[in-house]
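Just below is one structure, and these are the notes that go with it.
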Amino acid sequence: MPVLADTPASPTPKPVSTTALAPLLQSIDVEVAFPDLSFERMVFLTHAGDGTDRLFLALQPGRIMVFPNQSEVSRAEVFLDIRDRVNDRGNEEGLLGLAFDPEFADNGHFYVYYSASNPRRSVLSRFSASEGQADPDSELVVLEVPQPYSNHNGGAIHFGADGYLYAALGDGGSAGDPLGNGQDPGTLLGSILRIDPATASSYGNYSVPDDNPFLGVSGFRDEIWAFGFRNPWRFSFDRETGDLWAGDVGQRGYEEIDLVKRGLNYGWNVMEGFHCYPPSVSSCEQDGLEPPLAEYPLTSGNCSVTGGYVYRGSRVPSLRGAYLYGDFCSGRIWGLVYDGQEVSDNRLLLDSSLRISSFGEDEAGELYILSFDRKIYRLR
(Lines give C-alpha, C1' and ligand atoms only; values in the text may rest on other atoms or scores of the structure.)
Protein backbone atom coordinates (compact mmCIF):
# COMPACT_ATOMS: atom_id res chain seq x y z
CA MET A 1 0.00 0.00 0.00
CA PRO A 2 1.15 3.60 -0.21
CA VAL A 3 3.68 4.42 2.44
CA LEU A 4 2.25 6.83 4.91
CA ALA A 5 4.25 9.65 6.42
CA ASP A 6 5.54 8.64 9.84
CA THR A 7 4.60 11.86 11.58
CA PRO A 8 1.67 14.20 10.85
CA ALA A 9 2.59 17.67 9.70
CA SER A 10 2.59 20.46 12.27
CA PRO A 11 4.39 23.36 10.56
CA THR A 12 2.45 25.83 8.44
CA PRO A 13 3.53 25.06 4.89
CA LYS A 14 3.19 27.32 1.91
CA PRO A 15 0.42 26.36 -0.54
CA VAL A 16 0.96 24.35 -3.67
CA SER A 17 2.50 26.48 -6.40
CA THR A 18 0.08 27.06 -9.30
CA THR A 19 1.73 29.47 -11.70
CA ALA A 20 0.29 30.79 -14.95
CA LEU A 21 -2.79 28.56 -14.93
CA ALA A 22 -3.45 27.30 -18.44
CA PRO A 23 -6.89 26.46 -19.84
CA LEU A 24 -5.99 22.79 -20.33
CA LEU A 25 -7.12 21.27 -17.06
CA GLN A 26 -10.75 20.95 -16.02
CA SER A 27 -12.38 19.30 -13.03
CA ILE A 28 -13.02 15.60 -13.42
CA ASP A 29 -15.13 12.87 -11.93
CA VAL A 30 -14.63 9.14 -11.56
CA GLU A 31 -16.86 6.11 -11.92
CA VAL A 32 -16.55 2.47 -10.96
CA ALA A 33 -14.91 0.78 -13.92
CA PHE A 34 -15.85 -2.83 -13.16
CA PRO A 35 -18.97 -2.85 -10.94
CA ASP A 36 -18.94 -6.62 -10.35
CA LEU A 37 -15.29 -6.84 -9.27
CA SER A 38 -14.06 -6.17 -5.74
CA PHE A 39 -10.67 -6.85 -4.18
CA GLU A 40 -8.90 -6.08 -0.93
CA ARG A 41 -5.52 -4.33 -0.84
CA MET A 42 -5.08 -3.66 -4.53
CA VAL A 43 -1.67 -2.10 -5.20
CA PHE A 44 -1.13 -2.04 -8.97
CA LEU A 45 -2.97 -2.44 -12.27
CA THR A 46 -1.35 -2.86 -15.68
CA HIS A 47 -1.50 -4.64 -19.03
CA ALA A 48 0.83 -7.11 -20.75
CA GLY A 49 1.30 -5.14 -23.97
CA ASP A 50 0.37 -8.25 -25.96
CA GLY A 51 -2.72 -6.93 -27.70
CA THR A 52 -5.15 -9.09 -25.72
CA ASP A 53 -6.71 -6.14 -23.83
CA ARG A 54 -6.45 -7.94 -20.50
CA LEU A 55 -5.79 -6.22 -17.20
CA PHE A 56 -3.53 -7.62 -14.48
CA LEU A 57 -4.17 -6.63 -10.87
CA ALA A 58 -1.56 -7.07 -8.11
CA LEU A 59 -2.88 -7.74 -4.61
CA GLN A 60 -0.60 -6.98 -1.67
CA PRO A 61 -0.85 -10.40 0.04
CA GLY A 62 0.76 -12.04 -3.01
CA ARG A 63 -1.64 -12.74 -5.87
CA ILE A 64 -2.01 -11.35 -9.40
CA MET A 65 -5.48 -11.47 -10.92
CA VAL A 66 -6.32 -11.20 -14.61
CA PHE A 67 -9.56 -10.21 -16.33
CA PRO A 68 -10.74 -8.80 -19.66
CA ASN A 69 -10.88 -5.02 -19.93
CA GLN A 70 -14.68 -4.92 -20.15
CA SER A 71 -16.93 -3.04 -17.75
CA GLU A 72 -19.41 -5.95 -17.59
CA VAL A 73 -16.77 -8.49 -16.50
CA SER A 74 -18.07 -10.49 -13.54
CA ARG A 75 -15.02 -12.41 -12.35
CA ALA A 76 -11.24 -12.46 -12.44
CA GLU A 77 -8.92 -15.45 -12.67
CA VAL A 78 -5.77 -16.06 -10.62
CA PHE A 79 -2.75 -15.44 -12.85
CA LEU A 80 -0.08 -15.98 -10.17
CA ASP A 81 -0.25 -16.94 -6.50
CA ILE A 82 2.97 -16.58 -4.48
CA ARG A 83 1.46 -15.94 -1.06
CA ASP A 84 3.66 -18.75 0.25
CA ARG A 85 6.79 -16.60 -0.19
CA VAL A 86 5.46 -13.04 0.22
CA ASN A 87 5.70 -11.34 3.60
CA ASP A 88 2.88 -8.83 4.03
CA ARG A 89 2.94 -8.56 7.81
CA GLY A 90 4.10 -4.96 7.72
CA ASN A 91 1.64 -2.37 6.48
CA GLU A 92 4.02 -1.46 3.65
CA GLU A 93 5.24 -4.97 2.84
CA GLY A 94 3.89 -7.50 0.38
CA LEU A 95 3.64 -7.93 -3.38
CA LEU A 96 4.27 -4.35 -4.48
CA GLY A 97 5.27 -4.24 -8.15
CA LEU A 98 4.57 -5.90 -11.50
CA ALA A 99 6.07 -5.34 -14.96
CA PHE A 100 5.72 -7.33 -18.17
CA ASP A 101 8.72 -7.94 -20.40
CA PRO A 102 8.45 -5.93 -23.65
CA GLU A 103 8.69 -9.31 -25.43
CA PHE A 104 6.11 -10.99 -23.19
CA ALA A 105 3.98 -12.12 -26.14
CA ASP A 106 6.95 -14.17 -27.35
CA ASN A 107 8.86 -15.18 -24.21
CA GLY A 108 6.15 -15.17 -21.51
CA HIS A 109 8.38 -13.36 -19.03
CA PHE A 110 7.19 -10.90 -16.40
CA TYR A 111 8.70 -9.45 -13.23
CA VAL A 112 7.44 -8.90 -9.71
CA TYR A 113 8.80 -7.03 -6.69
CA TYR A 114 7.84 -8.33 -3.27
CA SER A 115 8.81 -8.42 0.40
CA ALA A 116 10.26 -11.56 1.94
CA SER A 117 11.33 -12.49 5.45
CA ASN A 118 14.06 -14.36 7.33
CA PRO A 119 15.96 -12.21 6.59
CA ARG A 120 13.81 -9.19 5.76
CA ARG A 121 14.49 -8.24 2.15
CA SER A 122 12.98 -7.00 -1.09
CA VAL A 123 13.00 -9.46 -3.97
CA LEU A 124 12.88 -8.70 -7.68
CA SER A 125 12.08 -11.89 -9.60
CA ARG A 126 11.21 -13.08 -13.07
CA PHE A 127 8.39 -15.55 -13.70
CA SER A 128 7.19 -17.27 -16.85
CA ALA A 129 3.70 -17.76 -18.23
CA SER A 130 2.27 -19.87 -21.01
CA GLU A 131 -1.25 -20.31 -22.35
CA GLY A 132 -2.47 -17.46 -20.16
CA GLN A 133 -1.27 -18.89 -16.86
CA ALA A 134 1.84 -18.08 -14.83
CA ASP A 135 3.95 -20.84 -13.32
CA PRO A 136 4.78 -20.11 -9.66
CA ASP A 137 7.64 -22.61 -9.83
CA SER A 138 9.35 -20.70 -12.64
CA GLU A 139 10.76 -18.02 -10.34
CA LEU A 140 14.23 -16.72 -11.15
CA VAL A 141 15.44 -14.30 -8.50
CA VAL A 142 17.06 -11.34 -10.26
CA LEU A 143 17.98 -9.11 -7.32
CA GLU A 144 17.59 -9.11 -3.54
CA VAL A 145 18.07 -6.05 -1.33
CA PRO A 146 18.25 -6.29 2.49
CA GLN A 147 15.67 -4.12 4.27
CA PRO A 148 16.52 -2.79 7.75
CA TYR A 149 12.90 -1.87 8.57
CA SER A 150 9.44 -2.91 7.39
CA ASN A 151 8.48 0.43 5.84
CA HIS A 152 9.67 2.50 2.86
CA ASN A 153 10.08 -0.40 0.48
CA GLY A 154 9.29 1.49 -2.72
CA GLY A 155 8.10 -1.28 -5.01
CA ALA A 156 7.30 0.18 -8.44
CA ILE A 157 8.97 -1.52 -11.41
CA HIS A 158 8.64 -0.56 -15.09
CA PHE A 159 10.38 -1.18 -18.36
CA GLY A 160 11.52 1.97 -20.10
CA ALA A 161 11.40 2.57 -23.85
CA ASP A 162 15.09 1.59 -23.84
CA GLY A 163 14.13 -1.97 -22.90
CA TYR A 164 15.74 -1.83 -19.47
CA LEU A 165 14.01 -2.47 -16.15
CA TYR A 166 13.73 0.37 -13.63
CA ALA A 167 12.99 -0.33 -9.95
CA ALA A 168 12.26 2.07 -7.09
CA LEU A 169 13.56 1.47 -3.57
CA GLY A 170 12.83 3.55 -0.50
CA ASP A 171 15.41 4.63 2.07
CA GLY A 172 15.04 1.48 4.17
CA GLY A 173 12.49 2.78 6.62
CA SER A 174 12.03 4.07 10.13
CA ALA A 175 11.62 7.87 10.35
CA GLY A 176 13.99 10.54 9.10
CA ASP A 177 16.34 8.09 7.37
CA PRO A 178 18.39 7.21 10.48
CA LEU A 179 20.88 5.14 8.46
CA GLY A 180 21.51 7.95 5.95
CA ASN A 181 20.65 5.77 2.96
CA GLY A 182 19.08 8.54 0.90
CA GLN A 183 22.41 10.32 0.50
CA ASP A 184 24.54 7.17 0.37
CA PRO A 185 24.99 6.04 -3.25
CA GLY A 186 26.96 3.08 -1.96
CA THR A 187 23.63 1.40 -1.16
CA LEU A 188 20.75 0.57 -3.48
CA LEU A 189 18.27 1.94 -0.95
CA GLY A 190 16.79 5.38 -1.58
CA SER A 191 17.34 5.02 -5.34
CA ILE A 192 15.74 4.25 -8.66
CA LEU A 193 17.72 1.47 -10.33
CA ARG A 194 18.21 0.64 -14.01
CA ILE A 195 19.26 -2.88 -14.96
CA ASP A 196 19.15 -5.33 -17.86
CA PRO A 197 17.42 -8.47 -16.54
CA ALA A 198 17.78 -10.28 -19.85
CA THR A 199 21.52 -10.85 -19.44
CA ALA A 200 23.27 -12.54 -16.52
CA SER A 201 26.68 -11.21 -15.48
CA SER A 202 29.01 -10.97 -12.53
CA TYR A 203 26.25 -9.00 -10.75
CA GLY A 204 23.94 -12.01 -10.81
CA ASN A 205 20.89 -12.66 -12.96
CA TYR A 206 21.11 -9.22 -14.54
CA SER A 207 23.66 -6.85 -16.03
CA VAL A 208 24.16 -3.09 -15.85
CA PRO A 209 23.74 -0.98 -19.02
CA ASP A 210 26.94 0.66 -20.24
CA ASP A 211 25.44 4.15 -20.05
CA ASN A 212 24.28 4.01 -16.43
CA PRO A 213 25.47 7.28 -14.85
CA PHE A 214 27.57 5.83 -12.02
CA LEU A 215 29.02 2.79 -13.72
CA GLY A 216 32.56 2.38 -12.43
CA VAL A 217 32.38 5.49 -10.21
CA SER A 218 34.02 4.94 -6.83
CA GLY A 219 31.56 4.95 -3.92
CA PHE A 220 28.50 4.47 -6.15
CA ARG A 221 26.49 1.37 -6.98
CA ASP A 222 26.54 0.77 -10.71
CA GLU A 223 22.82 -0.03 -10.81
CA ILE A 224 21.69 3.46 -9.67
CA TRP A 225 19.93 5.70 -12.18
CA ALA A 226 19.05 8.46 -9.67
CA PHE A 227 19.10 8.68 -5.87
CA GLY A 228 18.11 10.82 -2.89
CA PHE A 229 14.56 9.47 -2.49
CA ARG A 230 12.63 8.80 0.70
CA ASN A 231 10.01 6.45 -0.69
CA PRO A 232 9.07 6.64 -4.37
CA TRP A 233 6.03 4.41 -3.93
CA ARG A 234 4.84 4.87 -7.53
CA PHE A 235 6.64 6.06 -10.65
CA SER A 236 5.77 5.83 -14.35
CA PHE A 237 6.99 6.63 -17.83
CA ASP A 238 5.19 9.00 -20.16
CA ARG A 239 4.38 6.68 -23.05
CA GLU A 240 4.92 9.49 -25.59
CA THR A 241 8.01 11.33 -24.31
CA GLY A 242 9.68 8.64 -22.18
CA ASP A 243 9.91 11.04 -19.21
CA LEU A 244 10.10 9.33 -15.82
CA TRP A 245 7.71 10.77 -13.19
CA ALA A 246 7.71 9.81 -9.50
CA GLY A 247 5.75 10.67 -6.40
CA ASP A 248 8.08 10.61 -3.38
CA VAL A 249 6.36 10.23 -0.02
CA GLY A 250 7.22 12.91 2.56
CA GLN A 251 8.10 12.77 6.24
CA ARG A 252 6.59 15.63 8.20
CA GLY A 253 5.53 18.48 5.99
CA TYR A 254 5.49 17.87 2.24
CA GLU A 255 4.82 15.35 -0.51
CA GLU A 256 6.70 15.85 -3.77
CA ILE A 257 6.50 15.17 -7.49
CA ASP A 258 9.81 14.55 -9.26
CA LEU A 259 10.79 14.43 -12.91
CA VAL A 260 13.54 11.85 -12.59
CA LYS A 261 16.60 12.29 -14.78
CA ARG A 262 19.82 10.40 -15.25
CA GLY A 263 22.34 10.70 -12.42
CA LEU A 264 20.57 13.34 -10.33
CA ASN A 265 20.31 13.55 -6.53
CA TYR A 266 16.77 14.34 -5.34
CA GLY A 267 17.77 15.55 -1.92
CA TRP A 268 16.38 13.32 0.82
CA ASN A 269 17.19 13.58 3.75
CA VAL A 270 18.73 17.02 3.33
CA MET A 271 15.57 18.28 1.68
CA GLU A 272 11.86 17.47 1.94
CA GLY A 273 10.13 18.98 -1.05
CA PHE A 274 11.55 22.47 -1.52
CA HIS A 275 12.44 22.73 2.18
CA CYS A 276 15.38 21.87 4.40
CA TYR A 277 14.98 18.81 6.59
CA PRO A 278 14.43 18.57 9.48
CA PRO A 279 12.13 21.60 9.78
CA SER A 280 14.19 22.90 12.70
CA VAL A 281 17.10 23.49 10.32
CA SER A 282 17.05 27.08 9.06
CA SER A 283 19.42 26.46 6.14
CA CYS A 284 21.02 23.52 4.36
CA GLU A 285 23.50 22.87 1.59
CA GLN A 286 21.47 22.48 -1.59
CA ASP A 287 24.22 22.52 -4.21
CA GLY A 288 23.95 19.43 -6.37
CA LEU A 289 20.41 18.61 -5.25
CA GLU A 290 17.57 18.44 -7.75
CA PRO A 291 14.34 20.10 -6.49
CA PRO A 292 10.95 18.59 -7.23
CA LEU A 293 8.62 19.95 -9.88
CA ALA A 294 5.84 20.35 -7.32
CA GLU A 295 4.93 19.71 -3.71
CA TYR A 296 1.83 19.73 -1.56
CA PRO A 297 1.52 20.06 2.21
CA LEU A 298 0.65 17.35 4.71
CA THR A 299 -2.38 19.23 5.97
CA SER A 300 -6.17 18.97 5.60
CA GLY A 301 -6.19 15.18 5.58
CA ASN A 302 -3.29 14.63 3.17
CA CYS A 303 -0.87 11.91 4.24
CA SER A 304 0.90 10.13 1.37
CA VAL A 305 1.39 10.92 -2.32
CA THR A 306 0.45 8.28 -4.88
CA GLY A 307 2.29 8.97 -8.10
CA GLY A 308 0.29 8.51 -11.28
CA TYR A 309 0.71 8.87 -15.03
CA VAL A 310 0.84 11.44 -17.78
CA TYR A 311 -2.58 10.98 -19.35
CA ARG A 312 -2.44 9.86 -22.98
CA GLY A 313 -5.93 8.39 -23.32
CA SER A 314 -8.96 9.67 -25.22
CA ARG A 315 -11.84 9.52 -22.71
CA VAL A 316 -10.98 12.91 -21.17
CA PRO A 317 -9.38 15.07 -23.88
CA SER A 318 -8.89 18.07 -21.58
CA LEU A 319 -6.37 16.07 -19.53
CA ARG A 320 -4.19 14.90 -22.38
CA GLY A 321 -0.53 15.58 -21.55
CA ALA A 322 -1.20 16.29 -17.86
CA TYR A 323 0.43 14.28 -15.09
CA LEU A 324 -2.20 13.02 -12.63
CA TYR A 325 -1.35 12.16 -9.04
CA GLY A 326 -3.27 11.71 -5.80
CA ASP A 327 -3.16 11.35 -2.04
CA PHE A 328 -3.92 8.08 -0.27
CA CYS A 329 -5.75 9.54 2.74
CA SER A 330 -7.55 12.62 1.40
CA GLY A 331 -8.56 11.14 -1.96
CA ARG A 332 -7.58 14.33 -3.74
CA ILE A 333 -6.39 14.11 -7.34
CA TRP A 334 -4.28 16.82 -8.95
CA GLY A 335 -3.20 17.50 -12.51
CA LEU A 336 0.16 19.00 -13.41
CA VAL A 337 1.22 20.40 -16.77
CA TYR A 338 4.93 20.70 -17.52
CA ASP A 339 6.06 22.32 -20.77
CA GLY A 340 9.62 21.05 -20.61
CA GLN A 341 10.86 24.19 -18.88
CA GLU A 342 8.43 24.94 -16.09
CA VAL A 343 5.18 23.87 -14.48
CA SER A 344 2.48 25.87 -16.26
CA ASP A 345 -0.45 24.40 -14.34
CA ASN A 346 -0.85 22.38 -11.15
CA ARG A 347 -4.33 22.25 -9.71
CA LEU A 348 -6.79 20.16 -7.74
CA LEU A 349 -9.06 18.26 -10.14
CA LEU A 350 -11.11 16.14 -7.75
CA ASP A 351 -11.65 16.03 -3.98
CA SER A 352 -12.90 12.48 -3.45
CA SER A 353 -13.35 10.01 -0.63
CA LEU A 354 -11.17 7.37 -2.31
CA ARG A 355 -8.23 5.68 -0.58
CA ILE A 356 -5.90 5.92 -3.58
CA SER A 357 -3.29 3.16 -3.41
CA SER A 358 -2.25 3.31 -7.06
CA PHE A 359 -3.07 4.48 -10.54
CA GLY A 360 -3.03 2.08 -13.48
CA GLU A 361 -2.86 2.33 -17.25
CA ASP A 362 -4.35 0.07 -19.91
CA GLU A 363 -2.98 -0.64 -23.36
CA ALA A 364 -4.87 2.32 -24.86
CA GLY A 365 -3.48 4.77 -22.30
CA GLU A 366 -6.66 5.11 -20.23
CA LEU A 367 -6.11 5.59 -16.51
CA TYR A 368 -7.61 3.70 -13.58
CA ILE A 369 -7.58 4.40 -9.86
CA LEU A 370 -7.25 1.66 -7.25
CA SER A 371 -8.89 2.39 -3.94
CA PHE A 372 -8.77 0.57 -0.62
CA ASP A 373 -12.59 0.64 -0.66
CA ARG A 374 -12.15 -2.50 -2.83
CA LYS A 375 -13.15 -0.85 -6.12
CA ILE A 376 -11.39 0.12 -9.35
CA TYR A 377 -12.33 3.51 -10.77
CA ARG A 378 -11.76 5.26 -14.09
CA LEU A 379 -11.88 8.87 -15.21
CA ARG A 380 -14.93 10.43 -16.79
Going by distance alone, is a donor N or O of one side chain under 3.5 Å from an acceptor N or O of the other, for [X] and [Y]?
X: S150; Y: E93; answer: no
X: E361; Y: Y311; answer: no
X: Y166; Y: R194; answer: yes
X: H47; Y: R54; answer: no
X: N269; Y: Q251; answer: no

Exercise for the section: Quick one: list whatever passes side-chain contact (heavy atoms from CB on, under 4.5 Å) with S300, sequence neighbours left out. Expected result: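 In terms of side-chain contact (heavy atoms from CB on, under 4.5 Å), with neighbours along the sequence ignored, S300 is linked to R332.
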Practice task
Taking side-chain contact (heavy atoms from CB on, under 4.5 Å) as the test, write out the residues that go with P291, two or more places apart.
Solution key: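 By the side-chain contact (heavy atoms from CB on, under 4.5 Å) rule, P291 matches F274.
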Problem - Within residues 335-356 or reaching into it, pairs that qualify as ring pair (Phe, Tyr, Trp, His ring centres under 6.0 Å) - sequence neighbours excluded - result: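 Residue pairs passing ring pair (Phe, Tyr, Trp, His ring centres under 6.0 Å), neighbours aside: none found.
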Exercise for the section: Check step by step if salt bridge (Lys or Arg N to Asp or Glu O under 4.0 Å) holds for K261 and E290. Expected result: CA-CA 9 Å; K261 298 182 180 181; E290 182 70 10; 5.7 Å; no
Practice task
Please determine which of L370, L367, I356, V32 meets the side chain to side chain contact (heavy atoms under 4.5 Å, CB included) test together with Y377.
Solution key: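 The option that passes is V32.
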Practice task
Identify which one of I195, N205, V141 satisfies the side chain to side chain contact (heavy atoms under 4.5 Å, CB included) criterion when paired with L124.
Solution key: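 Result for side chain to side chain contact (heavy atoms under 4.5 Å, CB included) with L124: I195.
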Flag the pair [X] / [Y] as yes when at least one side-chain heavy-atom distance between them is below 4.5 Å, and no otherwise.
X: V270; Y: L289; result: yes
X: N153; Y: S122; result: yes
X: Y296; Y: Y325; result: yes

Handout entry: Cation-pi geometry met for R85 and Y114 (6.0 Å, 45°)
Key =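 No, R85 does not sit over the ring of Y114.
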Verify the ring-centre separation between [Y] and [X]: is it less than 6.0 angstrom?
X: F104; Y: H109; value: no
X: H158; Y: F44; value: yes
X: W245; Y: F235; value: no
X: F100; Y: F56; value: yes
X: F159; Y: Y164; value: no

Problem - Rounded distance (nearest 0.5 Å) linking atom OG of S304 with atom CG of N231 - result: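 Taking OG in S304 and CG in N231, the distance rounds to 7.5 Å.
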Exercise for the section: Drop me the distance from I333's CD1 to L354's CG, to the nearest 0.5 angstrom. Expected result: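 Here the rounded value is 6.0 Å.
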Exercise for the section: List for me each residue that meets ring-ring contact (aromatic ring centres under 6.0 Å, His included) alongside Y309, sequence neighbours excluded, and say none if there are none. Expected result: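 Testing Y309 for ring-ring contact (aromatic ring centres under 6.0 Å, His included), a comparison that skips the adjacent residues, returns none.
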Check: [X] side chain, [Y] main-chain N or O, donor-acceptor pair, under 3.5 Å:
X: R315; Y: L379; result: yes
X: N212; Y: F214; result: no
X: N69; Y: D53; result: no
X: Y323; Y: G308; result: yes
X: R239; Y: E363; result: yes

Practice task
On the 0 to 90° scale, with breaks at 30° and 60°, tag the F229-Y266 ring pair as parallel, tilted or perpendicular.
Solution key: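 If you compare the ring of F229 with that of Y266, the planes turn out parallel.
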Sequence neighbours left out, cut at 3.5 Å: what donor-acceptor pairs do the side chains of residues 127-136 make with other protein atoms?
unit_1: Q133; atom_1: NE2; unit_2: V78; atom_2: O; d: 3.3
unit_1: Q133; atom_1: NE2; unit_2: F79; atom_2: O; d: 2.9
unit_1: D135; atom_1: OD1; unit_2: D137; atom_2: N; d: 2.9

Practice task
Sort and list the pairs that fulfil disulfide bond (SG atoms under 2.5 Å apart) and have at least one residue in residues 199-294, not counting sequence neighbours.
Solution key: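 Qualifying pairs: C276-C284.
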